[in-house]
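Inspection log for the structure reproduced underneath, given as C-alpha coordinates.
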Amino acid sequence: MAEAQWYVAHTYSGYENKVKANIEKTVANRNLEEEIIEVRVPLQDVVEMKDGVRKTSQKKMFPGYVLVNMVMNDDTWYVVRNTRGVTGFVGPGSKPVPLSENEMKALGISMGPTISVDFKEGDTVAVVAGVWKDTVGTISRMDFGKQTATISVELFGRETPVEINFAELRSVN
(Lines give C-alpha, C1' and ligand atoms only; values in the text may rest on other atoms or scores of the structure.)
Protein backbone atom coordinates (compact mmCIF):
# COMPACT_ATOMS: atom_id res chain seq x y z
CA MET A 1 0.00 0.00 0.00
CA ALA A 2 1.21 3.51 -0.78
CA GLU A 3 2.33 5.82 2.00
CA ALA A 4 0.00 8.49 3.38
CA GLN A 5 0.89 12.08 2.56
CA TRP A 6 -0.58 15.47 3.42
CA TYR A 7 -2.78 17.14 0.82
CA VAL A 8 -4.58 20.48 0.86
CA ALA A 9 -8.29 20.64 0.06
CA HIS A 10 -9.82 23.99 -0.89
CA THR A 11 -13.14 24.74 0.80
CA TYR A 12 -15.71 27.48 0.88
CA SER A 13 -14.52 30.10 3.36
CA GLY A 14 -16.03 29.49 6.78
CA TYR A 15 -16.81 25.83 6.01
CA GLU A 16 -13.46 24.41 7.18
CA ASN A 17 -14.73 22.83 10.42
CA LYS A 18 -17.88 21.50 8.74
CA VAL A 19 -15.78 19.96 5.93
CA LYS A 20 -13.46 18.38 8.54
CA ALA A 21 -16.44 16.87 10.39
CA ASN A 22 -18.07 15.63 7.16
CA ILE A 23 -14.87 13.96 5.93
CA GLU A 24 -14.34 12.29 9.33
CA LYS A 25 -17.95 11.04 9.34
CA THR A 26 -17.61 9.63 5.80
CA VAL A 27 -14.30 7.95 6.72
CA ALA A 28 -15.99 6.24 9.69
CA ASN A 29 -19.03 5.19 7.61
CA ARG A 30 -16.94 3.71 4.80
CA ASN A 31 -14.22 2.20 7.04
CA LEU A 32 -11.46 4.25 5.39
CA GLU A 33 -9.50 4.88 8.63
CA GLU A 34 -6.45 3.15 7.13
CA GLU A 35 -6.49 5.39 4.04
CA ILE A 36 -7.63 8.79 5.35
CA ILE A 37 -5.68 9.07 8.57
CA GLU A 38 -6.25 12.65 9.75
CA VAL A 39 -8.03 15.86 8.79
CA ARG A 40 -6.81 19.18 10.21
CA VAL A 41 -7.84 22.82 10.18
CA PRO A 42 -4.53 24.51 11.14
CA LEU A 43 -5.01 27.07 13.93
CA GLN A 44 -2.67 29.60 15.46
CA ASP A 45 -2.84 31.45 18.77
CA VAL A 46 -3.31 35.19 18.33
CA VAL A 47 -2.91 37.71 21.14
CA GLU A 48 -5.05 40.81 20.76
CA MET A 49 -5.14 43.95 22.88
CA LYS A 50 -8.67 45.32 23.34
CA ASP A 51 -9.35 48.14 25.78
CA GLY A 52 -6.00 47.43 27.48
CA VAL A 53 -6.87 43.75 28.05
CA ARG A 54 -4.80 40.94 26.52
CA LYS A 55 -7.01 38.37 24.87
CA THR A 56 -5.69 35.14 23.35
CA SER A 57 -7.78 33.47 20.68
CA GLN A 58 -7.29 30.91 17.95
CA LYS A 59 -7.58 31.88 14.30
CA LYS A 60 -7.40 29.74 11.20
CA MET A 61 -3.93 29.86 9.63
CA PHE A 62 -5.34 29.28 6.14
CA PRO A 63 -9.00 30.26 5.82
CA GLY A 64 -10.61 28.24 3.06
CA TYR A 65 -8.24 25.26 3.33
CA VAL A 66 -8.20 21.91 5.15
CA LEU A 67 -5.20 19.56 5.45
CA VAL A 68 -5.84 15.87 4.83
CA ASN A 69 -3.33 13.11 5.64
CA MET A 70 -4.28 10.28 3.30
CA VAL A 71 -3.21 7.60 0.88
CA MET A 72 -4.15 9.04 -2.51
CA ASN A 73 -6.23 6.65 -4.60
CA ASP A 74 -9.50 6.84 -6.51
CA ASP A 75 -11.65 6.11 -3.43
CA THR A 76 -10.01 8.64 -1.10
CA TRP A 77 -9.86 11.29 -3.84
CA TYR A 78 -13.58 10.77 -4.49
CA VAL A 79 -14.52 10.95 -0.79
CA VAL A 80 -12.68 14.22 -0.17
CA ARG A 81 -13.47 15.84 -3.53
CA ASN A 82 -17.21 15.11 -3.20
CA THR A 83 -17.55 16.27 0.41
CA ARG A 84 -20.03 19.15 0.65
CA GLY A 85 -18.07 22.42 0.90
CA VAL A 86 -14.91 21.14 -0.85
CA THR A 87 -14.17 22.89 -4.15
CA GLY A 88 -11.10 20.80 -5.02
CA PHE A 89 -7.54 19.95 -4.14
CA VAL A 90 -4.56 22.28 -4.39
CA GLY A 91 -2.55 21.29 -7.45
CA PRO A 92 -2.54 21.70 -11.22
CA GLY A 93 -5.80 20.66 -12.87
CA SER A 94 -7.43 17.81 -11.00
CA LYS A 95 -4.13 16.24 -9.83
CA PRO A 96 -3.53 16.88 -6.10
CA VAL A 97 0.05 17.65 -5.07
CA PRO A 98 1.22 16.48 -1.62
CA LEU A 99 2.90 18.95 0.72
CA SER A 100 6.68 18.70 0.95
CA GLU A 101 8.49 17.89 4.20
CA ASN A 102 9.63 21.52 4.53
CA GLU A 103 6.07 22.80 4.10
CA MET A 104 4.90 20.38 6.78
CA LYS A 105 7.68 21.41 9.19
CA ALA A 106 6.62 25.05 8.79
CA LEU A 107 3.15 24.00 9.99
CA GLY A 108 4.63 22.09 12.94
CA ILE A 109 3.60 18.69 11.58
CA SER A 110 6.21 15.96 11.74
CA MET A 111 6.47 13.60 8.76
CA GLY A 112 9.28 11.50 10.15
CA PRO A 113 8.97 8.46 12.37
CA THR A 114 7.32 9.01 15.73
CA ILE A 115 9.81 8.71 18.57
CA SER A 116 8.57 6.93 21.68
CA VAL A 117 10.01 8.38 24.85
CA ASP A 118 10.44 7.09 28.38
CA PHE A 119 10.02 10.46 30.08
CA LYS A 120 7.06 12.70 30.90
CA GLU A 121 6.26 16.20 32.15
CA GLY A 122 8.04 16.88 35.43
CA ASP A 123 10.91 14.47 34.69
CA THR A 124 14.54 15.59 34.62
CA VAL A 125 16.28 15.05 31.28
CA ALA A 126 19.72 15.65 29.80
CA VAL A 127 20.26 17.13 26.34
CA VAL A 128 22.60 14.83 24.39
CA ALA A 129 22.95 16.78 21.11
CA GLY A 130 22.60 20.21 19.56
CA VAL A 131 23.26 23.66 20.98
CA TRP A 132 22.09 22.74 24.49
CA LYS A 133 24.22 19.54 24.71
CA ASP A 134 25.18 18.52 28.28
CA THR A 135 22.41 20.71 29.74
CA VAL A 136 20.06 19.23 32.32
CA GLY A 137 16.51 20.48 32.73
CA THR A 138 12.97 19.64 33.84
CA ILE A 139 10.25 18.98 31.27
CA SER A 140 7.42 21.50 31.57
CA ARG A 141 5.54 20.62 28.37
CA MET A 142 5.55 17.89 25.71
CA ASP A 143 4.28 18.25 22.14
CA PHE A 144 3.93 14.81 20.56
CA GLY A 145 2.81 16.28 17.21
CA LYS A 146 6.04 18.26 16.83
CA GLN A 147 8.06 15.61 18.72
CA THR A 148 9.48 18.24 21.09
CA ALA A 149 9.67 18.89 24.81
CA THR A 150 9.92 22.26 26.49
CA ILE A 151 12.43 22.05 29.31
CA SER A 152 13.39 24.60 31.93
CA VAL A 153 17.12 25.26 32.00
CA GLU A 154 19.10 27.69 34.11
CA LEU A 155 20.52 30.50 31.99
CA PHE A 156 22.23 33.51 33.61
CA GLY A 157 20.75 32.54 36.97
CA ARG A 158 17.17 32.31 35.66
CA GLU A 159 14.87 29.46 34.68
CA THR A 160 14.41 29.69 30.91
CA PRO A 161 12.09 27.51 28.78
CA VAL A 162 13.81 25.82 25.79
CA GLU A 163 12.16 23.62 23.14
CA ILE A 164 14.22 20.49 22.32
CA ASN A 165 13.52 17.59 19.93
CA PHE A 166 12.77 14.24 21.59
CA ALA A 167 15.73 12.70 19.72
CA GLU A 168 18.13 15.06 21.54
CA LEU A 169 16.94 14.14 25.05
CA ARG A 170 17.55 11.26 27.42
CA SER A 171 16.08 10.56 30.83
CA VAL A 172 18.19 11.19 33.94
CA ASN A 173 17.56 8.74 36.78
Side-chain angles (χ1 to χ4, degrees), residues 1-117 120-121 139-151 161-168:
M1 182 153 75
E3 192 174 313
Q5 293 184 296
W6 286 93
Y7 295 88
V8 181
H10 189 266
T11 68
Y12 294 128
S13 190
Y15 278 69
E16 300 88 357
N17 292 329
K18 190 178 272 303
V19 165
K20 177 183 188 290
N22 287 342
I23 291 172
E24 289 171 344
K25 191 194 275 176
T26 305
V27 166
N29 289 342
R30 293 189 182 193
N31 294 322
L32 293 172
E33 291 89 353
E34 299 290 318
E35 296 175 46
I36 299 178
I37 290 102
E38 186 179 357
V39 182
R40 282 194 190 180
V41 177
L43 301 172
Q44 64 184 354
D45 290 329
V46 177
V47 178
E48 299 171 335
M49 291 292 284
K50 281 191 177 176
D51 302 324
V53 178
R54 285 174 54 109
K55 181 184 168 204
T56 304
S57 61
Q58 288 194 321
K59 297 232 184 297
K60 293 179 182 100
M61 288 175 77
F62 310 108
Y65 295 95
V66 172
L67 300 178
V68 185
N69 188 10
M70 64 188 221
V71 176
M72 183 58 72
N73 59 38
D74 290 343
D75 291 339
T76 57
W77 179 90
Y78 182 86
V79 165
V80 175
R81 179 64 186 87
N82 291 297
T83 299
R84 172 175 270 148
V86 173
T87 60
F89 281 99
V90 172
S94 63
K95 183 170 176 14
V97 176
L99 291 173
S100 70
E101 194 165 340
N102 286 339
E103 291 167 327
M104 294 311 298
K105 267 189 187 161
L107 297 174
I109 300 172
S110 170
M111 289 179 64
T114 302
I115 299 170
S116 64
V117 293
K120 62 188 180 310
E121 289 183 18
I139 298 175
S140 59
R141 190 170 152 265
M142 293 181 69
D143 186 333
F144 290 94
K146 289 170 64 176
Q147 296 280 291
T148 61
T150 302
I151 65 170
V162 179
E163 192 174 73
I164 308 285
N165 287 324
F166 286 166
E168 297 176 359

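Values below: all heavy atoms of this structure, side chains included; hydrogens, waters and symmetry mates excluded.
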*asked:* Contact between E33 and V27 at the side-chain level, heavy atoms closer than 4.5 Å - yes or no?
replied: yes
*asked:* Within the 4.5 Å heavy-atom criterion, are K60 and Y65 side-chain neighbours or not?
replied: no
Roughly how far, to the nearest 0.5 Å, is [atom2] of [Y] from [atom1] of [X]?
| X | Y | atom1 | atom2 | value |
| --- | --- | --- | --- | --- |
| F166 | T148 | CZ | OG1 | 6.0 Å |
| R40 | M61 | CZ | CE | 11.0 Å |
| T26 | R84 | OG1 | CZ | 11.5 Å |
| M72 | I36 | CE | CD1 | 9.0 Å |
| I23 | T83 | CD1 | OG1 | 4.5 Å |
| T150 | R141 | OG1 | CZ | 5.0 Å |

*asked:* So that I can tick it off, tell me whether K20 and E24 are bridged by a salt bridge, with the cut-off set at under 4.0 angstrom between side-chain N and carboxylate O.
replied: yes
*Is it true that atom CG of N82 has more than 12 heavy atoms of other residues, nucleotides or ligands lying nearer than 6.0 Å?*
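Atom CG in N82 is crowded, with more than 12 foreign heavy atoms closer than 6.0 Å.
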*K18 NZ: over 12 foreign heavy atoms closer than 6.0 Å*: no
Is a side-chain N or O of [X] found less than 3.5 angstrom from the main chain of [Y], in a donor-acceptor match?
| X | Y | answer |
| --- | --- | --- |
| E103 | S100 | yes |
| T87 | H10 | yes |
| E16 | G14 | yes |

*With Y12, which residues qualify under ring pair (Phe, Tyr, Trp, His ring centres under 6.0 Å), at least two apart?*
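Y12 satisfies ring pair (Phe, Tyr, Trp, His ring centres under 6.0 Å) with Y15 only.
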*For Y7, check ring pair (Phe, Tyr, Trp, His ring centres under 6.0 Å) against everything at least two apart and list the hits.*
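With sequence neighbours excluded, Y7 shows a ring pair (Phe, Tyr, Trp, His ring centres under 6.0 Å) to no residue whatsoever.
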Work out which heavy atom in [X] is nearest to a heavy atom in [Y]; give both atom names and the distance.
| X | Y | value |
| --- | --- | --- |
| V86 | A9 | CG1-CB, 4.4 Å |
| Q5 | P98 | OE1-CG, 3.5 Å |
| V80 | F89 | CG1-CZ, 3.4 Å |

*Test V8 against L67 for side-chain contact (heavy atoms from CB on, under 4.5 Å), laying out the working first.*
CA-CA 5 Å; V8 181; L67 300 178; 3.6 Å; yes
*Taking atom types as modelled and ignoring hydrogens, do the side chains of N73 and T76 form a donor-acceptor contact shorter than 3.5 angstrom?*
yes
